[in-house]
Amino acid sequence: MPPASKMEIMADGDASETLKPLVFRLHENAPAIIREVLLERGWTEFDQKEQDDTDWNLYWRNSPFPMTDHHSIKPWQRLNHYPEAVRITRKDYLARHLKRMKGAYGSALYEFSPVAFIMPNDYVKFIAEYSKERQSVGRPSYWICKPVHLSRGRGILIFQDVKDLVYHCTVIVQKYISNPLLISGYKLDLRLYVCVTSFCPLTIYTYEEGLVRFATEKFDLSSLDNVYAHLTNTSINKYGASYKTYKEGIGCGCKWTFSKFRSYLRIFGVDDMLLWQKMNNIVILTLLAITPLPEASNCFELFGFDILIDDKFKPWLLEVNYNPALCLDCSIDDTVKRKLLHDIVELLNYKQVDTHRQNEMSGSKAVRRQVPWRRTGKSTPEEAPGLLSGRKVSTCISASQTPPALQFARGSVNKVSALTRKTARAHPRKTLTSELREKMNMPKASSPVKTEARNKQLPAVHSPLISAQLSRWSPSPEVCNYKLSTRPYFLSDKNQMPTRQVGGFVLIFPFNEAALQASKDGTDVKSIIKEINKLVSKQNSTRQKKAQTV
Ligand code: ADP
């Protein structure tokens with residue numbers, strides 16, 4: 001018998017009431033673990049030959065989507081990229097944006113990224129800075145040169161003397177952090193996962209668990225050519241001679257989890273919470289630099305923030321990755337990334353109506369699900385729901401025009417919304433996939449059971465018990481008849497605030513009501529910066545009080 005996830009599951013006793021699994025679509029080169037995780041969750045894979053073009057719920061690709069894909073997005077679909085998210089993921093763009101923000105909002109806040117010059121354009125400025133540093137007494141300066149369009153440590157050069165600087169393409173030359181935090185003599189950096197579920201209003205989650213990536217040879221400023229001592233990329237270190245050997249204080253391989261790192265810090269009396277807050281502030285301030293992005297519905301972006309910590313426990317932003325590696329090089333990768341992906345799906349908060357994947361439901365009048373944050377009554381025949389326009393975010397919603405989400409909350413309550421809210425109160429974070437898993441008696445997301453074994457555990461389709469359960473869970477005709485006005489998928493069912501925590505994802509923005517308001521009506525960056533300043537001074541005074549009591 002084929003596994004249940006591979007076929008449409010008929011609800012008990014009524015052939016017209018069907019429950020379909022959610023469907024994912026992968027572009028070529030999408031990481032294999034995404035397929036594995038979604039199959040584990042009972043999803044099925046989109047089949048271009050068999051299925052209608054719009055018959056999917058999640059499309060994952062490693063490169064930006066063509067704008068036509070954004071334009072034709074349907075209410076039940078999500079794309080894993082925002083248009084123009086690359087504005088912070090290319091090293092030169094990031095450097096330029098952060099420099100602009102530093103100029104506009106002061107270096108006190110924006111001093112978390114090492115001074116950088118984009119070459120060849122900034123050559124003269126670089127030489128001026130280089131000469132100034134050389135003349136000043138104290139420690140000699142080191143620089144790192146990185147091609148802007150390469151990743152995984154390729155083409156990187158570390159130098160002290162400008163005569164060693166050679167480049168054949170656009171590069172950034174950045175101050176090399178020559179006093180990194182070392183554990184047992186090994187350099188490390190942190191890969192922090194960040195999920196933006198909306199740029200308007202700005203909604204940012206950071207993932208509590210992450211990867212600590214070690215260099216596999218001891219840090220040594222007298223051998224700048226040794227990539228195994230200076231670069232922490234796994235793609236490099238896995239080929240190092242010491243990768244597999246046991247390294248004192250580190251172990252085998254080149255990775256730790258954040259949890260292990262935090263325990264390590266605590267043993268040495270380091271305030272890991274403070275470090276975490278500082279890292280979150282870096283994330284918010286960095287993302288503010290590219291806000292607003294062009295309006296786009298139903299997208300999310302998973303970024304990989306690379307953060308280096310120096311020996312004073314100051315975190316530095318090295319770069320932001322567009323497609324953070326999701327390959328599984330070791331068991332730590334498996335633990336962290338598999339759970340991360342499960343939690344992303346939870347964050348996307350699919351509802352049962354999404355399984356229908358159609359605007360018109362059987363036996364009902366036209367049912368249209370409003371795309372998050374679109375103005376009501378704006379759809380024209382040419383402008384399908386979810387259609388993007390070239391308008392900037394600032395025109396996305398105006399103060400006078402209540403987004404559908406808020407209308408929903410402010411009293412256009414009807415049978416369906418009442419029903420949804422009632423359910424939501426009982427199960428504040430029950431998403432469709434978690435329900436589906438429960439109903440199908442599938443193992444929890446974090447359980448490291450092989451996909452094959454999971455598929456075997458799926459219930460037989462003809463099981464009367466399962467059929468009965470599923471029929472109860474299927475949307476009633478009443479629900480199908482209702483013209484849905486859906487809130488943004490990332491909003492919690494209470495208070496219209498984004499959900500504070502979903503699995504390992506913690507909401508870091510908006511962090512208060514004022515930040516929420518300032519990010520709603522076209523992102524008021526100035527007000528948000530004001531709030532961040534308040535937040536930082538609050539964090540500092542809490543820290544001082546704590547230090548005094550110790
Ligand atoms: P890539 O995209 O090629 O991985 P990164 O900017 O992440 O480029 O740099 C690769 C590695 O080089 C980092 O993981 C880190 O170990 C090291 N590195 C990069 N920039 C700096 C810096 N400014 N100071 C110290 N180390 C750095």
Side-chain angles (χ1 to χ4, degrees), residues 62 86 88-96 98-99 111-119 126 129-130 133 139-160 165 167 169-183 185-194 210-221 223-240 243 250 254-256 261 279 282 286 303-327 329:
N62 274 358
V86 342
I88 49 162
T89 57
R90 233 180 77 160
K91 296 173 178 68
D92 50 341
Y93 296 171
L94 176 67
R96 204 169 288 142
L98 293 180
K99 195 171 170 196
E111 42 69 75
F112 55 79
S113 107
V115 173
F117 300 90
I118 302 163
M119 308 294 237
F126 166 64
E129 181 69 22
Y130 169 84
E133 297 249 346
R139 286 216 299 203
S141 287
Y142 295 85
W143 300 90
I144 184 165
C145 169
K146 309 188 262 191
V148 297
H149 62 278
L150 288 184
S151 59
R152 291 181 271 133
R154 289 171 296 172
I156 288 183
L157 167 79
I158 302 167
F159 64 95
Q160 217 184 345
L165 171 62
Y167 53 88
C169 56
T170 309
V171 295
I172 67 161
V173 172
Q174 200 177 50
K175 192 85 184 281
Y176 186 64
I177 308 296
S178 55
N179 60 330
L181 172 69
L182 303 177
I183 295 186
Y186 296 94
K187 177 175 170 177
L188 57 113
D189 76 357
L190 310 183
R191 165 58 55 85
L192 174 67
Y193 296 102
V194 173
L211 295 171
V212 180
R213 308 172 313 163
F214 287 95
T216 45
E217 289 186 19
K218 294 208 175 184
F219 187 71
D220 180 0
L221 282 170
S223 63
L224 296 179
D225 290 342
N226 185 354
V227 288
Y228 303 113
H230 289 278
L231 307 188
T232 49
N233 304 76
T234 310
S235 48
I236 289 178
N237 282 287
K238 68 182 176 188
Y239 297 111
Y243 176 67
I250 305 294
C254 66
K255 278 181 190 160
W256 280 9
F261 180 59
M279 284 172 26
I282 290 178
T286 305
F303 292 109
F305 277 61
D306 287 351
I307 294 186
L308 184 107
I309 298 161
D310 70 17
D311 57 5
K312 311 262 180 325
F313 296 100
K314 175 182 161 62
W316 294 90
L317 177 68
L318 298 184
E319 72 155 346
V320 182
N321 290 276
Y322 185 64
N323 278 308
L326 291 173
C327 52
D329 286 319

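Keep in mind the model is a prediction, meaning the values are calculated, not measured. Numbering of ligands and ligand atoms starts at 1, following listing order. Below, all heavy atoms of this structure are taken into account, side chains as well, without hydrogens, waters or symmetry copies.
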Quiz item: Any idea which protein heavy atom is nearest atom 16 (O) of ligand 1, and the distance to it?
Solution: T232 OG1, 2.7 Å
Quiz item: How close does the nearest protein non-hydrogen atom get to atom 6 (O) of ligand 1, and which residue and atom is it?
Solution: K146 NZ, 2.7 Å
Quiz item: Of all the non-hydrogen atoms in the protein, which one sits nearest to atom 9 (O) of ligand 1, and at what distance?
Solution: I156 CD1, 3.7 Å
Quiz item: What is the ring orientation for Y176 with F219, classed by angle as parallel under 30°, tilted 30 to 60°, or perpendicular over 60°?
Solution: parallel
Quiz prompt | Closest non-hydrogen atom pair between Y243 and T216, with its separation | solution = CA-CG2, 4.1 Å
Quiz item: Which of parallel (below 30°), tilted (30 to 60°) and perpendicular (above 60°) describes F126 and W143?
Solution: perpendicular
Quiz item: Considering only heavy atoms of R213, which atoms of ligand 1 have at least one such atom less than 4.0 Å away?
Solution: 14 (O)
Quiz item: Mind checking whether I88 and F303 have side chains closer than 4.5 Å, heavy atoms only?
Solution: yes
Quiz item: Is there any N or O on K187 that sits under 3.5 Å from an N or O of ligand 1?
Solution: yes
Quiz prompt | Minimal non-hydrogen separation, G304 against P324, with atom names | solution = N-CG, 3.7 Å
Quiz prompt | Which atom of P147 lies closest to which atom of G155, heavy atoms considered | solution = CD-O, 3.2 Å
Practice problem: May I ask you to decide whether E133 forms a salt bridge with K175, counting only side-chain N to carboxylate O separations under 4.0 Å? | Solution: yes
Quiz item: Looking only at distance, does I177 have an N or O less than 3.5 Å from an N or O of ligand 1?
Solution: yes
Quiz item: What is the nearest protein non-hydrogen atom to atom 10 (C) of ligand 1, stated with its residue, atom name and distance?
Solution: N233 OD1, 3.2 Å
Exercise. Could you list the atoms of ligand 1 found under 4.0 angstrom from a heavy atom of L318?
Key: 13 (C), 15 (C), 18 (N), 19 (C), 20 (N), 21 (C), 22 (C), 23 (N), 27 (C)
Self-check item: atom 2 (O) of ligand 1 - nearest protein heavy atom and its distance
Solution: E319 OE2, 2.6 Å
Quiz prompt | Element-labelled atoms of ligand 1 that are located less than 4.0 Å from some non-hydrogen atom of D306 | solution = 7 (O)
Exercise. Could you check atom 3 (O) of ligand 1 against the protein and tell me its nearest heavy-atom contact, residue, atom and distance included?
Key: G153 N, 2.7 Å
Quiz item: If you measure from each non-hydrogen atom of K91 to ligand 1, which part falls under 4.0 Å: side chain, backbone, both or neither?
Solution: side chain
Quiz item: Where do P180 and I177 come nearest, in terms of heavy atoms and distance?
Solution: CD-O, 3.7 Å
Quiz item: Which ligand 1 atoms are under 4.0 Å away from a heavy-atom of D189?
Solution: 13 (C), 14 (O)
Self-check item: Residue and atom name of the nearest protein heavy atom (relative to atom 12 (O) of ligand 1), distance in Å to one decimal
Solution: L231 CD2, 3.2 Å
Exercise. Could you say whether the N/O atoms of K175 and ligand 1 ever approach to under 3.5 Å?
Key: yes
Practice problem: Identify the two heavy atoms, one from A325 and one from Y193, that lie closest to each other, and give their separation to 0.1 Å. | Solution: O-OH, 4.2 Å
Practice problem: Consider only side-chain N and O atoms of D329 and T234, and report whether a donor and an acceptor are under 3.5 Å apart. | Solution: no
